[in-house]
Structures are given as C-alpha cells and as structure tokens.
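Taking it in order: structure first as structure tokens, then the write-up.
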Amino acid sequence: MVEIVPEGRAAVEAQLADGLLPMHRSDQVEAQVRSFFAAHAIPGIVCAPKGPLPEGAIQIGVSFPFRVDGVRVRSAACVSAGELGRRQTPWDVAAGLSTSRLPVAAELLAVIELGRTHAVDVGFFGSAALQAWTGLPYMEASSDVDIVATARSSEGLCAFHTDLVVFTQRYSRRYDVEVAVPGGLGVKLSELVSDVSTVLGRGIEGVRLVDRRRLLEEIDKVSPAVATP
C-alpha cells in the first residue's frame, strides 16, 4: 500500500470515475467515491498495469469500505512517484497491528505466532490491511483474511498449512494465503502444498505456470536472511 500525498490526491480523484468497474459506473456511485476519497486518506494499492502507462507512472488500485449490489467498490488510477508518500508492505502491516483500529488484531497476531513456530513470516493485505492503515470499516463479519507469507523451508510451509486448517476452524474464518516465492512470484499456499505438477505464479507483469517441485526446491535453497522480508 502507498500513501497518496496531498499534492497528488486531486489528480487521483479525477481518475476515479473512469477507473470504476463497469457495473459501478453511475452518477450516484461516482459522486460517492469522489466525496469519500476527498474526505478520507485512503491509500493506493500498487498493482499490475491494465494498459500502457506514461513514463515514470505506476498503476494503483483504490478500494472503498462499502459495496454496491454486494460487490466492493474499487477504482484504478495511474500516479507518478512524486505523488506517493510512505509505503507499507504486508509485513509492515503485521508489525503495526493495533486492536484500536482492527478488532480482529488479536486473531491476526495469533496467526503471526503460528507462522513463527514454523519459520514462516506472515504479512497481511486486502481488507485487514486497509482497515489497519485507515481505521475504516473494510472488514466485515464474513471477510476473508488475505495473507502473504515467506518460508525458510518447504517442510515448515507444509506444517504451517496443516496447522492453519485447524486454526481457521477454531475462528470460523477463511484465510487466503499466497506465498512469495524466490523470483518475485506469488503462489497460493493450497496449490503449493498439493500434489499437482504445475501451479499458477502471479507477478506484477502477469501470471504464468511454474513447476511446483522446483519452487519448493528453491525455497529450501534460500537462506533465512534472504527469505525474511
């Protein structure tokens, strides 16, 4: 997540209507997102470009703490580096969890501790991270928790997955875990510990199929100093 500095917020606000999902492009929703964005310091989320960008620009997503017809309202914009302020990685979010902004912080801290027992570093993105940053009500009772994790060994990663299944049953919440593997790709934990031969790797430049066993071998080769964010 990235802060949009005051000098850049007007430029982003001007792009919000065009960046909405087609189903949300109405005068009412457009006015709602512009007024909400103007009133609240919502961060941007760095994402893969949806098309050609001006030189030096990056693509961000802007997510709002409300839904229309059951779908969260989101938009997209492009910004220059000069329009961005402080950054927070998923691991920064984990390090700064506070129950005053995020009522489920104690639960998420338990997930972090569970990861530590298996040498897995846990970070958060999605609704939990946005609420932790802004204090706005992004998380709902039925919200999933989006996790990104790095591991020091494939054995520890598999053990973390096994224990997380039990953990999710205790809290009646779904945890969607993506593993940041060597080489800059993200792979779903459930796929990585399965018995399939290839898995889908997601990166800032798109997605591609990769050999599952090779990824696990690469995780085992990476030293703890490199694996830790």
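Quick note: numbers below take in every heavy atom, side chains included, and nothing from hydrogens, waters or symmetry partners.
When the side chains of ILVMFWY residues are joined at heavy-atom separations under 4.5 Å, either directly or via intervening members, L53 and V79 end up in two distinct hydrophobic clusters. A continuous path of Ile, Leu, Val, Met, Phe, Trp and Tyr side chains, each step under 4.5 Å between heavy atoms, connects V120 with Y171, placing both in one hydrophobic cluster. F167 and L109 end up in the same hydrophobic cluster when Ile, Leu, Val, Met, Phe, Trp and Tyr side chains are linked at under 4.5 Å. In terms of hydrophobic clustering, with Ile, Leu, Val, Met, Phe, Trp and Tyr side chains grouped at heavy-atom distances under 4.5 Å, V166 and L114 are assigned to different clusters. Both V210 and V196 sit in one connected hydrophobic cluster of ILVMFWY residues. Membership requires side-chain heavy atoms under 4.5 Å apart, directly or through other members.
Atoms OG and CD, on S98 and Q131 in that order, are 11.0 Å from each other to the nearest 0.5 Å. One finds the OH atom of Y175 at 7.5 Å from the CG atom of L164 (value rounded to the nearest 0.5 Å). The distance from atom CZ of R101 to atom CG of L130, rounded to the nearest 0.5 Å, is 12.0 Å. To the nearest 0.5 Å, atom CD1 of residue I219 and atom CG of residue L192 are 5.0 Å apart. Taken from OG in S153 to NZ in K221, the straight-line distance is 15.0 Å, to the nearest 0.5 Å. Rounding to the nearest 0.5 angstrom, the gap separating the CG atom in L189 from the SG atom in C158 is 8.0 Å.
Taking all atoms of both residues into account, the shortest heavy-atom contact from A77 to V12 is CB-CG1, 4.1 Å. Closest heavy-atom contact between R72 and F64: NH1-O, 2.8 Å. Contact between T134 and A41 at its shortest, heavy atoms only, is CG2-O, 4.2 Å. Minimum heavy-atom separation, S75 to L16: OG-O, 2.7 Å. When all heavy atoms are compared, the tightest approach of A94 to G123 is CB-CA, 4.2 Å. L102 approaches A132 most closely through the heavy-atom pair CD2-CB, 4.3 Å.
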Notebook entry, point to check: After noting the C-alpha distance and the side-chain angles of V73 and F36, does the key distance pass the side-chain contact (heavy atoms from CB on, under 4.5 Å) rule?
Noted result: CA-CA 12 Å; V73 175; F36 198 93; over 6 Å; no
Item checked: E178 and D146: CA distance, side-chain angles, deciding distance, side-chain contact (heavy atoms from CB on, under 4.5 Å) verdict -> CA-CA 8 Å; E178 188 159 295; D146 296 307; over 6 Å; no
Margin query: Please evaluate residues I42 and Y138 with respect to the criterion side-chain contact (heavy atoms from CB on, under 4.5 Å), reporting the C-alpha separation (whole Å), side-chain torsions for both, the decisive distance (0.1 Å), and the verdict.
Written below: CA-CA 11 Å; I42 297 175; Y138 281 91; 3.6 Å; yes
Margin query: Between V145 and V104, does the side-chain contact (heavy atoms from CB on, under 4.5 Å) criterion hold? Intermediate values first, please.
Written below: CA-CA 10 Å; V145 172; V104 300; 5.6 Å; no
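Salt-bridge check for K188 with D176: passed, with a basic side-chain N closer than 4.0 Å to an acidic carboxylate O. The existence of a salt bridge linking R116 and E113 is confirmed by a sub-4.0 Å separation between a basic side-chain nitrogen and an acidic carboxylate oxygen.
Looking only at distances, no side-chain donor or acceptor of E13 sits under 3.5 Å from a matching main-chain atom of F37. R9 places no side-chain N or O within 3.5 Å of a backbone atom of E7 that could act as its donor or acceptor partner. Formation of a donor-acceptor pair under 3.5 Å by the Q88 side chain with backbone atoms of M1 is not found in this model. Under the 3.5 Å distance criterion, the side-chain polar atoms of R174 are left unmatched by any main-chain donor or acceptor of T168. With Q59 contributing its side chain and K50 its backbone, the two residues share a donor-acceptor pair below 3.5 Å. Checking side-chain atoms of Q15 against main-chain N and O of C78 turns up a donor-acceptor pair under 3.5 Å.
Side-chain contact between H161 and L157 is absent, with no heavy-atom pair separated by less than 4.5 Å. Side-chain contact between L215 and V179 is absent, with no heavy atoms from C-beta onward closer than 4.5 Å. For the pair V181 and E218, the minimum side-chain heavy-atom distance is 4.5 Å or more. For the pair L136 and F66, the minimum side-chain heavy-atom distance is 4.5 Å or more. A heavy-atom distance below 4.5 Å is found between the side chains of I60 and I4. The closest side-chain heavy-atom distance from R212 to S194 is below 4.5 Å.
No more than 12 heavy atoms of other residues, nucleotides or ligands lie within 6.0 Å of CZ in R208, so this atom counts as exposed by the packing criterion. Counting non-hydrogen atoms of neighbouring residues, nucleotides and ligands closer than 6.0 angstrom, the CD atom of E155 reaches no more than 12 such neighbours. Within 6.0 Å of CZ on R213 lie no more than 12 heavy atoms contributed by other residues, nucleotides or ligands.
Through chains of ILVMFWY side-chain contacts below 4.5 Å, M23 is grouped with L21, V71.
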